[in-house]
Protein chains: 2
Amino acid sequence: MGTTKSEQFTARQNELSALAKAIGHPARIAIIEYLLQTDACVCGDIVEVLPLAQATVSQHLKELKNAGLIKGSIEGTSVCYCIDENGFEKIKSFFDHVALSITNRKNECC
Amino acid sequence: MGTTKSEQFTARQNELSALAKAIGHPARIAIIEYLLQTDACVCGDIVEVLPLAQATVSQHLKELKNAGLIKGSIEGTSVCYCIDENGFEKIKSFFDHVALSITNRKNECC
DNA sequence: TTTATTTATCGCAATATTACGATAAATATT
DNA sequence: AATATTTATCGTAATATTGCGATAAATAAA
């Protein structure tokens, strides 16, 4: 117990939920917003902007990277992080599909 | 420790992350997909379709409801659940904004 | 009224997440 | 070479999530 029963769901359901889960933390929303706003993207800047310790920010960055929402490239001693459009496209297309389904639905029971 | 430092982030960041977090589980994606597909929506049907115990499904439904992604209305002994468009509109507009920012960005550093 | 049906809640165990200090690793600077 | 800067990782504590059986609560059916 305590573990999500991933095997019982489709690959698509697991992929979408992993993307949503990665976005499901205010610090990670803040990181995404920061990266969209500044086209530059040095890790140290993110740490300065967020109200969390460096180790914690690094952990959040790792999760966003694992989910395919950001990518990072080493530049000397620092790391440049920025938005990975692939992850965002996937999740956006899900919400586009949801919106379409909502407008096309016939009976609303609640 | 162990608790998210919500006070340190904006209301909008907390709201968006709460919505994403609620979607961040394959069972809850499955519930959403089911509700979009069938316009009818009796709780018992959802329990039958999902590979989880009734108590667990009930818990997932509660989380989606708390997040404002679904709503339920009592019909006799059963409950009719369906999509709450308000929650989905909020999160969709975030991803629309992200998509716009991505296409408009000038320099991509990674 | 008794019994079934349906859903929510409680209590618990297992696991995951969040946060941070300390420290390692890797490149820059002196 | 020694020191500084920057980021990742380790270890750990606190809390949250996931899942389920048992049971309560509430209406329907007999």
Side-chain angles (χ1 to χ4, degrees), chain A residues 1-9 13-14 17-31 35 40-67 70-82 109-110, chain B residues 1-9 13-14 17-31 35 40-67 70-82 109-110:
Chain A
M1 274 172 248
T3 325
T4 296
K5 295 175 98 182
S6 316
E7 339 77 52
Q8 307 280 353
F9 299 96
Q13 287 167 341
N14 282 307
S17 61
L19 284 165
K21 191 176 183 179
I23 298 170
H25 191 288
R28 296 196 289 266
I29 292 271
I31 291 170
L35 290 182
C41 43
V42 188
C43 174
D45 294 354
I46 303 171
V47 172
E48 275 191 7
V49 161
L50 291 201
L52 297 170
Q54 182 268 324
T56 309
V57 174
S58 188
Q59 211 170 268
H60 285 304
L61 287 167
K62 193 183 175 185
E63 277 177 73
L64 286 170
K65 201 175 158 195
N66 286 343
I70 66 173
K71 42 190 176 173
S73 62
I74 299 167
E75 294 199 350
T77 76
S78 60
V79 175
C80 169
Y81 277 108
C82 61
C109 61
C110 316
Chain B
M1 277 173 244
T3 323
T4 298
K5 297 173 100 183
S6 316
E7 337 78 51
Q8 307 281 353
F9 299 96
Q13 287 166 339
N14 282 307
S17 61
L19 285 165
K21 192 177 183 179
I23 298 170
H25 191 289
R28 297 196 287 266
I29 293 272
I31 291 170
L35 290 181
C41 43
V42 188
C43 174
D45 295 355
I46 302 170
V47 172
E48 275 192 5
V49 162
L50 290 200
L52 298 169
Q54 183 267 324
T56 309
V57 174
S58 188
Q59 209 170 271
H60 285 304
L61 287 167
K62 191 182 175 185
E63 276 177 73
L64 285 170
K65 200 175 158 195
N66 286 343
I70 66 173
K71 41 190 176 173
S73 62
I74 299 167
E75 294 200 348
T77 75
S78 59
V79 176
C80 169
Y81 277 109
C82 61
C109 60
C110 315

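In what follows, chains carry the letters A, B, and so on, assigned in the order in which the sequence lines appear, proteins first and then strands, with residues in each chain numbered from 1. All values below come from the heavy atoms of this structure, side chains included, with hydrogens, waters and symmetry mates left out. These numbers were taken from a predicted model, which means no experiment stands behind them.
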query: Which range-with-range stems can be found for DNA chain D when each stem has 3 or more Watson-Crick or G-U pairs in a row and both distances sit under 3.5 Å?
result: C:1-30 with D:1-30
Protein-nucleotide distance ([X], atom [atom1]; [N], atom [atom2]), rounded to Å:
{"X": "B:I31", "N": "D:dG19", "atom1": "CD1", "atom2": "P", "answer": "10 Å"}
{"X": "B:D45", "N": "C:dT6", "atom1": "CG", "atom2": "C1'", "answer": "12 Å"}
{"X": "B:Q59", "N": "D:dT17", "atom1": "CD", "atom2": "P", "answer": "10 Å"}
{"X": "A:I29", "N": "C:dT18", "atom1": "CD1", "atom2": "C1'", "answer": "16 Å"}
{"X": "A:E48", "N": "D:dT7", "atom1": "CD", "atom2": "P", "answer": "10 Å"}
{"X": "B:K62", "N": "D:dT17", "atom1": "NZ", "atom2": "P", "answer": "12 Å"}
{"X": "B:L52", "N": "C:dT7", "atom1": "CG", "atom2": "P", "answer": "16 Å"}
{"X": "A:I70", "N": "D:dA8", "atom1": "CD1", "atom2": "C1'", "answer": "13 Å"}

[atom2] on [Y] to [atom1] on [X], rounded to 0.5 Å:
{"X": "B:L61", "Y": "B:I46", "atom1": "CG", "atom2": "CD1", "result": "5.0 Å"}
{"X": "B:D45", "Y": "B:C80", "atom1": "CG", "atom2": "SG", "result": "10.0 Å"}
{"X": "A:K62", "Y": "A:K65", "atom1": "NZ", "atom2": "NZ", "result": "9.5 Å"}
{"X": "A:L64", "Y": "A:I29", "atom1": "CG", "atom2": "CD1", "result": "9.5 Å"}
{"X": "A:Q13", "Y": "B:R28", "atom1": "CD", "atom2": "CZ", "result": "13.0 Å"}
{"X": "A:C43", "Y": "A:Y81", "atom1": "SG", "atom2": "OH", "result": "5.5 Å"}

task: Report which part of the nucleic acid A:E63 touches: base, sugar-phosphate, or nothing (heavy-atom distance under 4.0 Å, all strands).
output: sugar-phosphate
task: Under 4.0 Å between any heavy atoms, over every strand shown, what does A:L61 touch: base, sugar-phosphate, or nothing? Just pick one.
output: nothing
Using a cut-off of less than 4.0 Å, is there contact between a side-chain N or O of [X] and OP1 or OP2 of [N]?
{"X": "B:H60", "N": "D:dT17", "value": "no"}
{"X": "B:Y81", "N": "C:dT6", "value": "no"}
{"X": "A:S58", "N": "D:dA8", "value": "yes"}
{"X": "B:K5", "N": "C:dC20", "value": "yes"}

query: How are the rings of A:H60 and A:H25 set relative to one another: parallel (under 30°), tilted (30 to 60°) or perpendicular (over 60°)?
result: tilted
- line: What one should report as the nearest heavy-atom pair of A:N14 and A:S6 is ND2-O, 3.0 Å
message: To check you understand the geometry: which heavy-atom pair defines the closest contact between B:T4 and A:P26, and what is its length?
response: CG2-CG, 3.7 Å
field: Closest-nucleotide 5' rank along DNA chain C - winner of A:K21 and B:S78
entry: B:S78
- request: At under 4.0 Å between heavy atoms, which parts of nucleotides 21-30 of chain D does protein reach? Answer with one letter per nucleotide, 5' to 3': B base, S sugar-phosphate only, - none.
  value: BB----BS--
- line: Between B:H25 and B:T4, whichever has its closest DNA chain D nucleotide further toward 5' is B:T4
task: Starting from the 5' end of DNA chain D, give me the residue, A:F9 or A:C43, whose nearest nucleotide shows up first.
output: A:C43
task: Could you work out which one of D:dT9, D:dG19, C:dT18 sits closest to the side chain of A:R28?
output: C:dT18
Report, one line per pair, each donor and acceptor closer than 3.5 Å where one atom sits in a side chain of residues 47-57 of chain A; sequence neighbours left out.
none

